[in-house]
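Just below is one structure, and these are the notes that go with it.
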Amino acid sequence: MAEPTRRFGVGYALAPKKQQSFIQDSLVNLASERGIDLVRIDADKPLVEQGPFDCVLHKLGGEDWKNQLEEYSAKNPCALVIDSLEAIEKLHNRISMLEVVNELEIEAETASFGIPKQIVIYESEKLLDPSSWGEGVEFPVIAKPLVADGSAKSHKMSLVFNREGLKKLKPPIVLQEFVNHGGVIFKVYVVGDHVTCVKRKSLPDVSEERLRSLEGSLSFSQVSNLSTHERDDGKYYKLMDLEDAEMPPESFITDIARGLRRATKLHLFNFDVIRDTRIGNRYLVIDINYFPGYAKMPSYETVLTDFLWDVLNKKEADCVIFRSLVVRNKQGS
């Protein structure tokens, strides 16, 4: 392959765990062949003193990082930042995260979509009074922390079967209706215009019979262990073979993905979808995550490299126009 005439520098600022999983040699080498050099940003040094970069790829937060990005962008107006912290932060709240789904206007003849019924609770008194939750939110419910910032605490979720299980929870908390979905979850990865949908094992279905015998609550890991231990009794859960699980219509999922991309103004995210077994052609978006574990996505190296090449070349063309306008303005003055 001929050496690219124009090389692009992409600085990445990622937490150590994210960096380890995402910055694989296979990605670095493929990007380099396309003229894209992936360079680690040193978090201990001011961003403005590093580079220059044609693009800053990041998954960091905080006021200091926000200020650094703003300063860098001001001094390097042609540099691309993926993505804006303002857009990312909207996904850190589990309520505002899913509000955008209800705003999408997508026409589909064979399927429908939405989100599960949910409520955010700030007071312990209301938490312990299910009659105050509102229509549609009833046991069993999934309890999730309101904040979804990627921390270990934000991933602590549980399946609550009755009032006794509520006593372990601390507001603010989001209670989301649990919907039987055949033990399968569809994870949809979005990289710019590219959309990939894969299926993964999920929480088991809970029958009415089984629900009456369950007490309190179980963490998600406990639910998984319970289903494994009692899988053979066939009374409340039948593990669905992933190969037998029907994928959602591709065009339908792609339309939702592109609608979410426009609504969130994000380039890199994924969202989780389940099929409501009560209504076989209805799908529910239950979670949206920024910059997910792309290494789990098939051919992630090619997808990410193609994406970077496209956005960098588009930005380069835009900057040529920008620079020419600046020159003209200076000459005119």
Side-chain angles (χ1 to χ4, degrees), residues 1-15 18-41 51-60 69 73 76 78-85 87-88 91 186-200 247-273 288-322:
M1 181 181 294
E3 184 71 16
T5 56
R6 165 73 162 98
R7 299 199 69 83
F8 295 100
V10 175
Y12 58 87
L14 306 170
K18 170 65 70 173
Q19 180 177 311
Q20 185 178 14
S21 65
F22 182 73
I23 305 297
Q24 302 284 336
D25 288 344
S26 53
L27 173 63
V28 174
N29 294 336
L30 184 59
S32 180
E33 291 176 5
R34 296 286 297 275
I36 301 169
D37 298 316
L38 296 175
V39 182
R40 185 180 71 86
I41 292 173
F53 304 113
D54 297 289
C55 174
V56 175
L57 195 66
H58 73 101
K59 191 179 183 180
L60 297 179
L69 283 176
S73 295
N76 301 273
C78 280
L80 190 62
V81 175
I82 300 178
D83 278 303
S84 82
L85 274 178
I88 295 170
L91 298 188
F186 303 99
K187 303 190 80 68
V188 185
Y189 294 92
V190 181
V191 183
D193 289 329
H194 180 88
V195 179
T196 295
C197 181
V198 299
K199 47 191 173 182
R200 298 281 185 264
M247 294 288 284
E250 183 177 350
S251 60
F252 174 67
I253 289 296
T254 299
D255 285 345
I256 295 176
R258 291 178 177 169
L260 286 176
R261 185 188 163 193
R262 290 190 296 270
T264 61
K265 297 181 173 61
L266 295 172
H267 294 82
L268 304 175
F269 64 95
N270 81 336
F271 59 99
D272 295 340
V273 178
I288 307 175
N289 303 287
Y290 180 67
F291 209 141
Y294 281 117
K296 299 176 183 178
M297 182 181 74
S299 304
Y300 96 99
E301 302 94 337
T302 301
V303 173
L304 266 296
T305 299
D306 287 346
F307 163 72
L308 289 172
W309 194 91
D310 288 342
V311 295
L312 286 167
N313 278 278
K314 182 180 184 304
K315 186 68 173 177
E316 178 75 1
D318 292 342
C319 280
V320 169
I321 297 173
F322 172 77

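Residues His267 and Ile82 come closest through the heavy atom pair CB-CG2, 4.1 Å. Considering all non-hydrogen atoms of both residues, Phe8 and Leu312 come closest at CB-CD1, 3.6 Å. Of all heavy-atom pairs between Val188 and Val195, the closest is CG1-CG1, 3.6 Å. Smallest separation of non-hydrogen atoms from Ile36 and Arg7: N-NH2, 4.1 Å. The nearest pair of heavy atoms linking Val190 to Phe271 is CG2-CE2, 4.0 Å. Pairing each heavy atom of Ala257 with each of Phe269, the nearest pair is O-CZ, 3.8 Å.
Contact check for Asp272 versus Asn289: side-chain heavy atoms found under the 4.5 Å cut-off. Side-chain contact check for Leu14 versus Gln20: every heavy-atom pair is 4.5 Å or farther apart.
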Exercise for review: Show your working on side-chain contact (heavy atoms from CB on, under 4.5 Å) between Lys265 and Asp83 and close with a plain yes or no.
Suggested key: CA-CA 8 Å; Lys265 297 181 173 61; Asp83 278 303; over 6 Å; no
What's the verdict on side-chain contact (heavy atoms from CB on, under 4.5 Å) for Val191 and Met297, showing C-alpha distance, side-chain angles and the deciding distance?
-> CA-CA 11 Å; Val191 183; Met297 182 181 74; 4.2 Å; yes
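With hydrogens and angles disregarded, a donor-acceptor distance shorter than 3.5 Å links the side chain of Tyr300 to the backbone of Phe22. Looking only at distances, a side-chain donor or acceptor of Arg258 sits under 3.5 Å from a matching main-chain atom of Asp193. The backbone N or O of Val28 lies less than 3.5 Å from no partner atom in the side chain of Ser32, so there is not a single donor-acceptor pair. Proximity of a side-chain donor or acceptor of Lys59 to a complementary backbone N or O of Phe291 within less than 3.5 Å is detected. Side-chain N or O atoms of Lys18 include one that pairs as donor or acceptor with a backbone N or O of Pro292 at under 3.5 Å.
For the atom pair CD (Gln24) and CG (Leu30), the distance works out to 13.0 Å, reported to the nearest 0.5 Å.
By the 4.0 Å N-to-carboxylate-O rule, Lys315 lies too far from Asp54 to be salt-bridged with it. Remark: Asp310 does not engage Lys314 in a salt bridge, criterion side-chain N to carboxylate O under 4.0 Å.
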